[in-house]
Q: 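Sending over a structure as structure tokens; questions will come in a sec.
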Amino acid sequence: MECGPYELIKESSECKARRGKIYTARGIIDTPVFMPVGTQGTLKGVANELLSDSDVQIILANSYHLYLRPGTEVIKEAGGIQRFNSWNKPMLTDSGGFQAFSLKGIRKISENGVEFQSHIDGSKHFFSPEKSIRVQRDIGADIIMCLDECVSYPSDYEYAKNSMELGLRWAGKCKEEFWRDNNFSKTRQSLFGIIQGSVYSDLRLKSTYEILNIGFGGYAIGGLSVGEPKEEMHSVLENILPVIPSGKARYLMGVGMPEDLWECVERGIDMFDCVIPTRNGRNGQVFTSFGKINIRNLEFKKDFSPLDINCRCPTCKGYSKAYLNHLVRSKESLYLSLLSLHNVYFMVNLMTTIRKSVETDTFFKSKKEFFEKYYSRNQN
RNA sequence: GGGGGUGUGGCAGAGUGGUUUAAUGCACCAGACUGUAAAUCUGGCGGGCUUGCCCUUCGGUGGUUCAAAUCCAUCCGCCCCCA
């Protein structure tokens, strides 16, 4: 069985929260960690330099997108994604499994993999589990993911069961391909398996046991935060996390909102990724310690204070709400960067706060303080 | 002085007798966004409340008509051409 890159440092005395480290070739990641998403290899609207002072430790990219453009051969020739995009910290690539969900209508799933019709030019491309691994190997991120199908919600039992079982077969093939030429020592990548099974507890458990049995460097939970009620998501976590060995990282894919980070760390999650800070930033929504706001709204037109007095990001250091409100209303492209940057800072700073609370066994105290402030503006 | 045209909701601009509180776009007011086909999408945008209705709207006034933003008269404003 493969050795994982995770080291457990401390377990909370209050709940299932953990402090840990993930070792990669490009550096050590303190967990729990929030990983912002940069589908095309960059956080949309945020230059690397702007993050040099931040707590961003690792970013995501997407193998489907990079495979289509610029093409894996370009990235390979550049010397890997981190050489290509000049991000000298860890990266993780998703397998294309999420696109099996989001590109519904222009993709076909079969036993051997997913056929995509390119959203760019309509050309057809086939991602087998092995192909996804080869693509991710060429891209060269530190952590790579098995090809899976992110099942939508709601999903009937039969569909979820068949999809989950197909996912297990794919996971086996991914692992086999990953180890085929024993390239691991050369690239020092880690391959994570993904647990599926929608909201059905027996399917989730079966998936967990089988994925564990195949054995991966870390374990991701997929197919959540796709529209199911929060309680469903929490009960899935409570159901399967106790089964996963404590020496492995647990990664909740696609989550989430600030409140989700607290709730899911509390249940034992180590890694999160989400597009929310950047996408919502581009749409004018800003996270602050006093709640979320839409900076385009009238109430900020003459508000000359920073977005968040508790924030040390470049946006908050340099610009007022009134000015950002003006930039958004004027559609001046600078706001895309400034708001995305602030939101990314907010999420990773929150994660730093959460890590400290686990270290000092003040998780619930900190959580309470956060929520009291966060919901002080409105009831969200 | 003569001839022609035109005036529609914050703006632009459809509509030329009924299905019109009046298309569409912009602006404005909100909301949503969770492993990124998203700098996107959705809703609202005359007034009132008992939220289903009532009242008020297409330069002004007065008519015709069962019915007028739409037809007629007149007044006012603006534009173009000729003197």
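Hydrogens, waters and symmetry mates are skipped; everything else that's a heavy atom, side chains included, is used. Just so it is clear: chains get the letters A, B, ... in the order the sequence lines come, proteins before strands, and each one is counted from 1.
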Q: Decide if the gap between the ring center of A:Phe98 and the ring center of A:Phe101 is smaller than 6.0 angstrom.
A: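 They qualify: ring centres under 6.0 Å apart.
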Q: Work out how far the P atom of B:U64 is from that of B:A73, and round it to whole angstrom.
A: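 That atom pair is separated by 15 Å.
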Q: Using atom types as modelled and distance alone, determine if a side-chain donor or acceptor of A:Thr362 lies under 3.5 Å from a backbone N or O of A:Lys365.
A: no
Q: Taking the nucleotide of RNA chain B with the closest heavy atom to each, which residue, A:Arg282 or A:Cys146, is nearer the 5' end?
A: A:Cys146
Q: Provide the Watson-Crick or G-U wobble partner of B:C71, both distances under 3.5 Å; none if there is no partner.
A: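 Because both required distances fall under 3.5 Å, B:C71 counts as paired with B:G63.
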Q: Answer with base, sugar-phosphate or nothing: what part of the nucleic acid does A:Asp148 contact at a heavy-atom distance below 4.0 Å?
A: base
Q: Please give the nucleotide sitting opposite B:C33 as a Watson-Crick or G-U wobble pair, both distances under 3.5 Å, or none.
A: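 Across any shown strand, B:C33 pairs with none.
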Q: Can you tell me, in whole Å, how much space there is between the P of B:U42 and that of B:C55?
A: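 Their P atoms lie roughly 34 Å apart.
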Q: Using both distances under 3.5 Å as the test, list the Watson-Crick or G-U wobble partner of B:G1, or none.
A: B:C82
Q: Below 6.0 angstrom between ring centroids: does that apply to A:Phe216 and A:Phe192?
A: no
Q: Looking at A:Ser63, is its backbone amide N or carbonyl O close enough to the side chain of A:Gln136 to form a donor-acceptor pair, meaning the two atoms are under 3.5 Å apart?
A: no
Q: May I ask you to say what A:Leu103 touches in the nucleic acid, namely base, sugar-phosphate or nothing, with a heavy-atom cut-off under 4.0 Å?
A: base
Q: Which part of the nucleic acid, if any, lies within reach of A:Lys44 when heavy atoms closer than 4.0 Å are counted: base, sugar-phosphate only, or nothing?
A: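 Contact class for A:Lys44: base.
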Q: Have a look at A:Ser118 and say if it touches a base, only the backbone sugar-phosphate, or nothing, with a 4.0 Å heavy-atom cut-off.
A: nothing
Q: Is the positively charged end of A:Lys321 above the ring of A:Phe300, judged by distance under 6.0 angstrom from the centroid and angle within 45° of the axis?
A: no
Q: Using the P atom in both, what is the distance from B:U21 to B:A32, to the nearest Å?
A: 34 Å
Q: Has A:Asn283 got a side-chain atom pairing as donor or acceptor with A:Asn280's backbone, closer than 3.5 angstrom?
A: no
Q: Categorize A:Gly45 for me: base, sugar-phosphate, or nothing, with a 4.0 angstrom heavy-atom threshold over every strand shown.
A: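 Contact class for A:Gly45: none.
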Q: Which glycosidic conformation, syn or anti, is assigned to B:A22 if syn requires a torsion within 90° of zero?
A: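 B:A22: anti.
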Q: Reckon A:Arg329 touches a base, only the sugar-phosphate, or nothing at all at heavy-atom distances under 4.0 Å?
A: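 Since only primed, P, OP1 and OP2 atoms lie under 4.0 Å of A:Arg329, the category is sugar-phosphate.
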Q: Do A:Phe116 and A:Phe127 have ring centres separated by under 6.0 Å?
A: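 Ring-ring flag for A:Phe116/A:Phe127: true, centres closer than 6.0 Å.
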Q: Under 4.0 Å from a heavy atom of chain A: give me the 5'-most and 3'-most nucleotides of RNA chain B that qualify.
A: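 Both ends considered, the range comes out as B:A27 to B:U40.
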Q: Just call it for A:Glu228: base, sugar-phosphate, or nothing, with non-hydrogen atoms closer than 4.0 Å on any strand.
A: nothing
Q: Considering every strand and a 4.0 Å limit on heavy-atom distances, what is the contact class for A:Leu336: base, sugar-phosphate, or nothing?
A: base
Q: According to the Watson-Crick and G-U wobble definitions, with both distances under 3.5 Å, which nucleotide is paired to B:G77?
A: B:U6
